[in-house]
Amino acid sequence: MPETAHASETKGRPGATLRASSVSRSFEGVQALKEVTLELHRHEVVGLIGPNGAGKSTLVNVLSGFDRPDAGAVELEGREITGWSSHRRARAGLARTFQHSRSFGGLSVRENVEVAALGVGTGPREARRRADRLLAALSLKALAETRADSISHGDERRLGVARALAAEPTFVLLDEPAAGLPEAEVPDFAAVVRSLREVHQAGVLLIDHNMALVMDVCDRIHVLDQGRTLAEGAPDEIRGNLDVAAAYLGETAVQTDDG
């Protein structure tokens, strides 16, 4: 069956789910992921957190098709997509951002979004309409004709989200989207993340070290430590989890009944 047929069957189904099942991945003997299972539904924001080296970006790469697991599977609405390329997953409704900008610096902000839409098979006229709509929604309209390599860091982060949304995805994976943002700009970016769930009706996986942002916008949080799942739960549960505090701060930083 042609790839486009797979996409039309998978994308946009009500209640769609993205799932990693018992995923493991190692690099030169170092276990980056060990039997990790994570499930993301539409209309929710799930935080993926953990100390540096916990395996967060590896899991995002496996989910988005930029890497393959050694064991386990990735499923999109019940269909196994472990062997699918990143491009095929994008056409099926799975988009992501990157820690470092992948925009085309010599193109305008609008052209960057148009290119992202064209990359998943959208026609030029629709790509233009989609770009204009997203730039307005993400407060980038005034920068539409500005070269992407001359905008601020915060605007660059919003452009990354606009590029991801240009494919009209069912799921969006945000890899460190708030990294380097001034604290004053974080509330505005939190509103952008919420809009992905509430306006665009996507499922969002948010990977970020800004705990205030994660606790504010996430419905659930999944914690990795040394490649394994350490905890899962609502923000309040994770906030009060001593194992999570120990993983981030060290055993000596955790208050116990023994003092």
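Excluded from the calculations below are hydrogen atoms, water molecules and symmetry mates; all remaining heavy atoms, backbone and side chain alike, are included.
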[atom2] on [Y] to [atom1] on [X], rounded to 0.5 Å:
{"X": "His222", "Y": "Leu205", "atom1": "NE2", "atom2": "CG", "answer": "9.5 Å"}
{"X": "Trp84", "Y": "Arg68", "atom1": "CH2", "atom2": "CZ", "answer": "12.0 Å"}
{"X": "Thr146", "Y": "Leu107", "atom1": "OG1", "atom2": "CG", "answer": "13.0 Å"}
{"X": "Phe104", "Y": "Arg147", "atom1": "CZ", "atom2": "CZ", "answer": "13.5 Å"}
{"X": "Leu138", "Y": "Leu143", "atom1": "CG", "atom2": "CG", "answer": "11.5 Å"}
{"X": "Glu77", "Y": "Glu75", "atom1": "CD", "atom2": "CD", "answer": "10.0 Å"}

Salt bridge check: are Arg158 and Asp188 linked by an N-O gap of less than 4.0 Å?
-> no
Short N-O contact, Arg129 and Asp132, less than 4.0 angstrom | no
If you take all heavy atoms of [X] and [Y], which pair is closest and at what distance?
{"X": "Pro235", "Y": "Ile221", "value": "CA-CD1, 3.9 Å"}
{"X": "Asp216", "Y": "Ala190", "value": "OD2-CB, 4.0 Å"}
{"X": "Val62", "Y": "Pro69", "value": "CG1-CD, 3.9 Å"}
{"X": "Pro169", "Y": "Ala202", "value": "O-CB, 4.1 Å"}
{"X": "Leu206", "Y": "Cys218", "value": "CD2-SG, 4.1 Å"}
{"X": "Leu135", "Y": "Ala144", "value": "CD1-CB, 3.8 Å"}

When you compare the side chain of [Y] with that of [X], does any pair of heavy atoms fall below 4.5 Å?
{"X": "Phe27", "Y": "Asp67", "answer": "yes"}
{"X": "Arg163", "Y": "Leu134", "answer": "no"}
{"X": "Leu38", "Y": "Val23", "answer": "no"}
{"X": "Val45", "Y": "Leu196", "answer": "no"}
{"X": "Arg89", "Y": "Leu76", "answer": "no"}
{"X": "Val214", "Y": "Ile238", "answer": "no"}
{"X": "Leu174", "Y": "Val204", "answer": "yes"}

Please check if any side-chain donor atom of Arg96 sits under 3.5 Å from a side-chain acceptor atom of Ser64, or the reverse.
-> yes
With a 3.5 Å cut-off and no angle check, do the side chains of Asp70 and Ser26 form a donor-acceptor pair?
-> yes
Strictly distance-based, threshold 3.5 Å: is any side-chain N or O of [X] a donor or acceptor partner for the main-chain N or O of [Y]?
{"X": "Thr37", "Y": "Ser22", "result": "yes"}
{"X": "Glu126", "Y": "Gly123", "result": "no"}
{"X": "Arg25", "Y": "Leu59", "result": "no"}
{"X": "Arg130", "Y": "Glu114", "result": "no"}

Please walk me through it: do Val46 and Glu39 pass side-chain contact (heavy atoms from CB on, under 4.5 Å)?
-> CA-CA 9 Å; Val46 173; Glu39 192 166 274; over 6 Å; no
Gln226, CD atom: more than 12 neighbouring heavy atoms under 6.0 Å = no
Verify the neighbour count for atom CZ of Arg228: are there more than 12 heavy atoms of other residues, nucleotides or ligands below 6.0 Å?
->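 No.
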Decide side-chain contact (heavy atoms from CB on, under 4.5 Å) for Asp219 and His43; before the verdict, give the C-alpha distance in whole Å, the side-chain angles of both, and the deciding distance to 0.1 Å.
-> CA-CA 10 Å; Asp219 302 298; His43 309 109; over 6 Å; no
Hits for side-chain contact (heavy atoms from CB on, under 4.5 Å) against Ala137, two or more places apart or cross-chain, chain-then-number order -> none
Connected via hydrophobic side-chain network under 4.5 Å: Val120 and Leu63 =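 Different clusters.
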Hydrophobic cluster identity match, Leu118 and Leu165, side-chain contacts under 4.5 Å | no
side-chain contact (heavy atoms from CB on, under 4.5 Å) assessment of Thr229 paired with Leu224 = CA-CA 5 Å; Thr229 296; Leu224 291 180; 4.0 Å; yes
With side-chain contact (heavy atoms from CB on, under 4.5 Å) as the test, would you mind laying out the steps for Val161 and Val172 before giving the verdict?
-> CA-CA 9 Å; Val161 174; Val172 183; 5.9 Å; no
Apply side chain to side chain donor-acceptor pair (under 3.5 Å) to His209 and Asn52, showing your working.
-> CA-CA 9 Å; His209 286 286; Asn52 289 329; 3.3 Å; yes
